[in-house]
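To start, the structure under review is shown below, and the notes come after it.
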Amino acid sequence: MPARAVFIVLALLSMLHLYIGLRLVPAIDPGPLGVAVAVALLAASTLLMPAGLLSVRFKRWRWSDQLAWAGMLTMGFFSSLLVLTVLRDVALLALTVFGAAGAAVVRGTAIAVPLVALGVTLIGLVNARRVARVVEVEVPIAGLPAALHGYSIVQISDLHVGPTIKRGYLNAIVTKVNALKPDAIAITGDTVDGSVRRLRLHTEPLARLAARDGAFFVTGNHEYYSGADEWIAEMRRLGLTVLMNQHVVCERGDAALMIAGVTDFTAHHFNESHRSNPRAAAAGAPDHVTVRILLAHQPRSAPAAADAGFHLQLSGHTHGGQFFPWNLFVPLQQPFTAGLNRMRDLWVYTSRGTGYWGPPKRFGAPSEITRVRLVAA
């Protein structure tokens with residue numbers, strides 16, 4: 001991160017922390033020692049968040065992982081603290097209008113805000129770190145051949161192996177996926193946050209993924225932040241089939257199903273030759289293919305996928321918002337936030353993600369391993 005960007009981030013964080021301090025500390029009235037402690041904690045929070053994000057630069061430092069954890073946990077707590085402080089101010093304004101904002105209410109709500117923020121952060125930490133649950137989804141396909149009824153694809157997405165998600169976490173996910181014995185496995189992008197050199201050891205469990213028709217991988221935007229070409233080569237070394245505007249055909253008797261994959265929706269900003277193209281991914285499919293499935297990291301690939309004649313798109317990217325209030329902002333960029341949705345003749349399933357990005361925190365948007373089964377409409 002350039003020095004200017006670091007300065008801007010620190011300035012913005014300082015102002016937001018000052019706002020929180022001015023709105024909560026005087027209302028609580030903790031005394032001189034309490035004020036000093038509050039100021040110290042707010043200052044530490046201001047510094048810890050950017051330090052956690054930059055911890056990868058201190059990889060040779062013994063405590064770099066601990067710094068990452070401290071920064072990410074602080075980020076999660078600060079997010080809830082800021083949102084609750086704003087909501088408190090809105091509520092107090094409304095109460096003032098009706099003459100109900102007494103001193104006890106002002107002090108009580110000021111004490112409640114950091115306590116609730118801490119509780120939400122701890123619950124979110126537990127939710128984020130436990131092994132993702134299996135979500136069962138049935139997708140009705142018109143004219144589905146009997147031989148393909150029940151065909152299952154297990155989808156994992158947005159693992160974000162990096163500062164706080166390591167080999168042990170991924171190992172547990174892979175074991176759970178393999179136990180489902182799927183026909184195919186789909187990894188729909190944002191698998192890593194960091195270089196191959198740093199994370200090769202931690203992504204090694206992906207080599208254990210096993211399914212009858214194979215395990216397939218498409219890039220997400222975070223692969224492009226982390227060196228996409230190197231990660232594409234590494235995923236192939238691990239035995240995954242990387243689909244870059246390509247497809248494979250899987251056959252069951254006289255029935256055939258196509259699994260295609262596109263590069264991330266924004267890939268062309270990093271490499272023009274990687275421009276996402278669902279139509280190119282479907283090109284040349286045999287005439288006897290009756291079901292077309294597309295792996296696309298971002299749900300906003302859906303209009304082009306529908307135009308290209310796909311029946312089902314599997315996506316991720318949104319994390320389901322991961323925790324409030326970010327779920328409210330996802331629709332500003334994406335057509336779908338989570339779950340199974342319809343766009344014209346195309347089904348789109350958007351995973352809430354199997355890992356998490358940034359703060360180890362999930363609240364109202366649980367992580368998932370998704371088992372998608374095709375059924376006759």
Side-chain angles (χ1 to χ4, degrees), residues 55-56 59 64-65 68-69 72 125-135 152-244 248 259 261 264 295 297 314 316-317 319 322 351-358 360 362 366-372:
S55 62
V56 293
K59 195 61 186 174
S64 63
D65 282 349
W69 268 101
M72 295 301 109
L125 173 63
V126 172
N127 289 341
R129 291 300 299 178
R130 64 187 176 192
V131 179
R133 62 176 183 153
V134 176
V135 174
S152 66
I153 302 174
V154 170
Q155 177 193 11
I156 54 178
S157 190
D158 301 273
L159 287 159
H160 290 284
V161 176
T164 62
I165 294 180
K166 304 291 187 181
R167 183 187 181 99
Y169 186 98
L170 186 56
N171 232 347
I173 295 296
V174 169
T175 297
K176 199 165 185 176
V177 168
N178 285 344
L180 297 173
K181 300 186 183 305
D183 291 292
I185 296 169
I187 305 175
T188 49
D190 279 10
T191 302
V192 293
D193 279 314
S195 67
V196 172
R197 180 179 59 83
R198 283 183 44 239
L199 298 177
R200 178 182 283 115
L201 172 68
H202 300 289
T203 55
E204 195 70 34
L206 293 174
R208 294 198 298 110
L209 287 171
R212 178 176 176 180
D213 290 327
F216 304 94
F217 170 87
V218 294
T219 56
N221 51 305
H222 281 249
E223 272 72 53
Y224 288 92
Y225 306 153
S226 304
D229 290 336
E230 291 81 3
W231 275 115
I232 289 166
E234 178 65 8
M235 293 301 167
R236 287 173 174 151
R237 187 189 72 84
L238 292 171
L240 306 180
T241 299
V242 180
L243 297 173
M244 299 180 65
V248 297
I259 298 177
D264 181 64
L295 313 183
H297 177 62
L314 300 180
H317 185 67
H319 297 212
Q322 194 162 313
S351 168
R352 290 179 175 85
T354 313
Y356 54 84
W357 180 84
R362 277 189 172 273
S367 56
E368 64 180 81
I369 295 167
T370 316
R371 177 158 60 182
V372 176

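In this text, all values refer to a predicted model and were calculated from it rather than measured experimentally. For this chain, numbers begin at 1 and follow the sequence in order.
A 4.5 Å side-chain heavy-atom check between Thr370 and Val154 finds every atom pair outside the cut-off. The shortest distance between side-chain heavy atoms of Phe217 and Glu223 falls below 4.5 Å. In this structure, Asp190 and His317 have side chains that are in contact, with non-hydrogen atoms separated by less than 4.5 Å. Residues Leu180 and Ile369 meet the side-chain proximity criterion, which asks for heavy atoms closer than 4.5 Å. In this structure the side chain of Asp264 reaches within 4.5 angstrom of the side chain of Tyr224, judged on heavy atoms. Within the 4.5 Å cutoff, the side chain of Lys176 has heavy atoms near those of the Val134 side chain.
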Checklist entry - Does the side chain to side chain contact (heavy atoms under 4.5 Å, CB included) test come out yes or no for Leu199 and Trp231, once each step is laid out? => result CA-CA 10 Å; Leu199 298 177; Trp231 275 115; 3.9 Å; yes
Item to check | Ser157 and Ser351: CA distance, side-chain angles, deciding distance, side-chain hydrogen bond (donor to acceptor under 3.5 Å, both in side chains) verdict | outcome: CA-CA 7 Å; Ser157 190; Ser351 168; 5.0 Å; no
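The backbone N or O of Ala211 sits nowhere less than 3.5 Å from a side-chain atom of Lys181 that would complete a donor-acceptor pair. Looking only at distances, a side-chain donor or acceptor of Gln322 sits under 3.5 Å from a matching main-chain atom of Trp357. Looking at Glu368, its side chain never comes within 3.5 Å of a backbone N or O of Gly353 through a donor-acceptor pair. At least one donor-acceptor pair under 3.5 Å links the side chain of His202 to the backbone N or O of Arg167. Judged purely by atom type and a 3.5 angstrom limit, Asp193 has no side-chain atom pairing as donor or acceptor with the backbone of Val161.
For the atom pair CG of Leu238 and OG1 of Thr191, the computed distance is 10.5 Å after rounding to the nearest 0.5 Å. In this structure, Ile185 CD1 and Leu209 CG are separated by 4.5 Å, a value rounded to the nearest 0.5 Å. If you take CD1 on Ile187 and CD1 on Ile156, they are separated by 4.5 Å, rounding to the nearest 0.5 Å.
Residues Thr188 and Gln155 bring a donor and an acceptor atom of their side chains to less than 3.5 Å of each other. Under 3.5 Å, the side chains of Thr175 and Arg208 contain a donor-acceptor pair of N or O atoms.
Taking the six-membered ring for Trp, His319 and His160 have ring centres closer than 6.0 Å.
The two atoms that bring His222 and Val192 nearest to each other are CB-O, 3.6 Å, heavy atoms only. Taking both residues in full, the closest heavy atoms of Phe216 and Leu243 are given as CD2-CD1, 3.9 Å, listed atom of the first, atom of the second, then distance. Here the shortest heavy-atom pairing between Gly261 and Val218 reads CA-CG1, 3.6 Å. Taking each heavy atom of Ala128 and Pro360 in turn, the nearest pair found is CB-C, 3.6 Å.
Using a cut-off of 4.0 Å between Lys/Arg side-chain N and Asp/Glu carboxylate O, Glu230 and Arg200 are scored as not salt-bridged. Comment: Asp158 does not engage Arg352 in a salt bridge, judged by the lack of any side-chain N to carboxylate O separation of less than 4.0 angstrom.
Qualifying side chain to side chain contact (heavy atoms under 4.5 Å, CB included) partners for Asp183, counting only residues two or more places apart in sequence or in other chains: Tyr151, Ser152, Arg212, Asp213, Arg252. Partners of Tyr169 by side chain to side chain contact (heavy atoms under 4.5 Å, CB included), not counting sequence neighbours, listed by chain and number: Arg129, Ile165, Ile173.
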